[in-house]
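Computed from a predicted model, the values in this text were never measured in an experiment. Scope of the values below: all heavy atoms of this structure, side chains included, with no hydrogens, waters or symmetry mates. Protein chains get the first letters and strands the later ones, always in sequence-line order, with residue 1 at the start of each.
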2 protein chains.
Amino acid sequence: MNILEKITNELDMLSKSERKVAEVILASPNTVIHSSIAALAKQANISEPTVNRFCRRLDTKGYPDFKLHLAQSLANGTPYVNRHVDENDTADEYTSKIFESTMASLELARKSLDANDINRSVDVLTQANKISFFGLGASAIVAHDAQNKFFRFNVPVVYFDDILMQRMSAINSRQGDVVVVISHTGRTKSLVEVASLAKENDATVIGITTTDTPLAKECSIVLSVDVSEDTDLYMPMSSRIAQLALIDVLATGFTLRRGSKFRDNLKKVKDSLRSSRFERKD
Amino acid sequence: MNILEKITNELDMLSKSERKVAEVILASPNTVIHSSIAALAKQANISEPTVNRFCRRLDTKGYPDFKLHLAQSLANGTPYVNRHVDENDTADEYTSKIFESTMASLELARKSLDANDINRSVDVLTQANKISFFGLGASAIVAHDAQNKFFRFNVPVVYFDDILMQRMSAINSRQGDVVVVISHTGRTKSLVEVASLAKENDATVIGITTTDTPLAKECSIVLSVDVSEDTDLYMPMSSRIAQLALIDVLATGFTLRRGSKFRDNLKKVKDSLRSSRFERKD
DNA sequence: TACATTATGAAATAAAATTTCATTTTTTCT
DNA sequence: AGAAAAAATGAAATTTTATTTCATAATGTA
């Protein structure tokens, strides 16, 4: 439980003066943990009891207890937050911002995922006769990557990033087939149709998408990957990375389910690549 | 610097009474952070000033400051680290492990990147006549994604995940062309050769790879993405995600360099997709 | 043993946090 | 709009907590 997030979340439950306190804290939490209640009150231009009430409202026992929570939140590394790239950022600045935003998104995505749904997905994937991954645009590369991974498991797997091929494949699907449809927005018409077609043909449809979208409604299992996509630069960024991490999770679940003997098989696949590489000297 | 470790280290520099305090703290640090100096003194059967002196000896400003440090040390129990998936992990466990490992890798990768090299890369990319992205296996999807992004910039861009096409393309490259070669290991023979061919033909070769690899040696600019790939399951995981984040960085640098007018153009590309989507109701 | 050094705690002081309560501001209801 | 109720706020008092001071005790040293 990160108290900084909590402050952000409850910002509009707070009174005007309490909000002033919140703002001062959010602006420089690292200063606050070394300030007395009097110093903080002065900084925020409000009285000491207000600070105290603010702390209580956040379910802490008082100001010292609040500082403890704050210190702990800060200790957990820099809390990754979605920081927006600015026109005048140096290379170093925008690099840091993008990496941090990406990490923040992964954290968010992880929270939106439900272990039960993952379990069910792994279930149906391990029992599938055939697995298809569909995506368009940025999600196409996620489908591509999924094929790459599941291919190693020696199961029939295909991926399509072409609307027509997806449609045809969906129409030809049958019971026992698993169709994984990937879309961040969950609103791409043709993909929603493909999901619906596959379902009509009795395939199990797993959706990797945002909660409560038209696509989600068509799926047998929804793996919710909720990230706040930074659309400042009009390019999908964090969404596809969170989706890829989820593919890793599914692939891992798959191998764990199949047992250790199966993992020896994976090693063989990997070893077969060795001759195409330059040897390591160390 | 973890204060619990520090206490352990300095245990024999302490006086008899101070050591009593240390022992109480080490025994149940989680209780101590919620105790007053009086409570702790009583617990250790010594006086309050002794506790205070103990705190100062550990280079803290006093008891409250000491508690702050202690709280932070306790919170730091879960920084993002590469945790290995275990045979008996539940879905929830391996999901968390994979997401956390991914975040840890991103942190590592970010550290290995050099802002200067990124700047130079953005320089040559913005001035390129033609940009090619080459990758194989897991890195192929990174090249694929890069094409997806740079395509929006309305510059000639191609991607190949096929050895022969890569070779042909490299041989036909010329001055002013930029070839981006992506490989985590940096040891894939055919890719190293492609890099070398492109360089011989006066193209600028940017390598997205690990420091000090055969591939790195053939490149005009090396963007080091050092991650400790978890090879337990014999599948590339974090490496490709770190590479994708780097692609985001390059694409962002590109748009920033091109200025605000150019960004309007990106918005148009995005808007053109609208009709293919279901409308949002909210 | 006598002296110096260090360690310790009782009591005094200082600092910090909390509570109480009167005043102000905002909301709700005619 | 205006009165009544409710909520928010801060000044001052109180309480709690931490620190300093200083006298005494313990420990080491010649």
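For dG9(C), one of the phosphate oxygens OP1 or OP2 lies less than 4.0 angstrom from a side-chain nitrogen or oxygen of T50(B). Contact between the side-chain N/O atoms of S17(A) and the OP1/OP2 oxygens of dA8(D) is not found at any separation under 4.0 Å. Proximity of S15(B) to the phosphate of dT6(C): no side-chain N or O atom is located under 4.0 Å from OP1 or OP2.
Look at CZ on F54(B): it is 13 Å from P on dT8(C), rounded to the nearest Å. As a whole-Å value, the separation of Q43(B) CD from dT17(D) P is 15 Å. When the C1' atom of dA8(D) is taken as reference, atom CE of M13(A) falls 18 Å away, rounded to whole Å. Taking atom CD1 on I46(A) and atom P on dA11(D), their separation rounds to 11 Å, with Å as the unit. Between the CD atom of E18(B) and the C1' atom of dG9(C) there is a distance of 13 Å, rounded to whole Å.
Under the 3.5 Å distance criterion, with hydrogens and angles disregarded, no donor-acceptor pair is assigned to the side chains of T95(A) and R110(B).
Every residue two or more places apart in sequence or in another chain that forms a side-chain contact (heavy atoms from CB on, under 4.5 Å) with E48(A) is listed here: I37(A), A38(A), A41(A). In this structure, Y63(B) has no ring-ring contact (aromatic ring centres under 6.0 Å, His included) partners at least two apart in sequence or on a different chain. T60(B) meets the side-chain contact (heavy atoms from CB on, under 4.5 Å) test with I3(B), C55(B), D65(B), F66(B), H69(B); sequence neighbours excluded. Residues satisfying the salt bridge (charged side-chain N to carboxylate O under 4.0 Å, His left out) test with R120(B), not counting sequence neighbours, are D117(B). Residues satisfying the side-chain contact (heavy atoms from CB on, under 4.5 Å) criterion with V124(A), sequence neighbours excluded, are V178(A), T204(A), I206(A), I221(A).
Each end of the helix from dT1(C)-dA30(D) to dT30(C)-dA1(D) gets its own axis, taken as the rotation carrying the C1' atoms of four end pairs onto the next four within a five-pair window, and the two axes meet at 30° to the nearest 10 degrees.
The number of heavy atoms from other shown groups lying within 6.0 Å of NZ (K61(B)) does not exceed 12.
Sorted by first and then second residue, the ring pair (Phe, Tyr, Trp, His ring centres under 6.0 Å) pairs involving residues 19-51 of chain B (not counting sequence neighbours) form an empty list. Among pairs with a residue in residues 7-29 of chain A, those fulfilling salt bridge (charged side-chain N to carboxylate O under 4.0 Å, His left out) read E18(A)-R57(A), at least two apart in sequence or across chains.
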Study note, to complete from the structure: Going 5' to 3' through nucleotides 13-27 of chain C and flagging B where a protein heavy-atom sits under 4.0 Å of the base, S where only the sugar-phosphate is that close, and - otherwise, we get ----SBB------S-
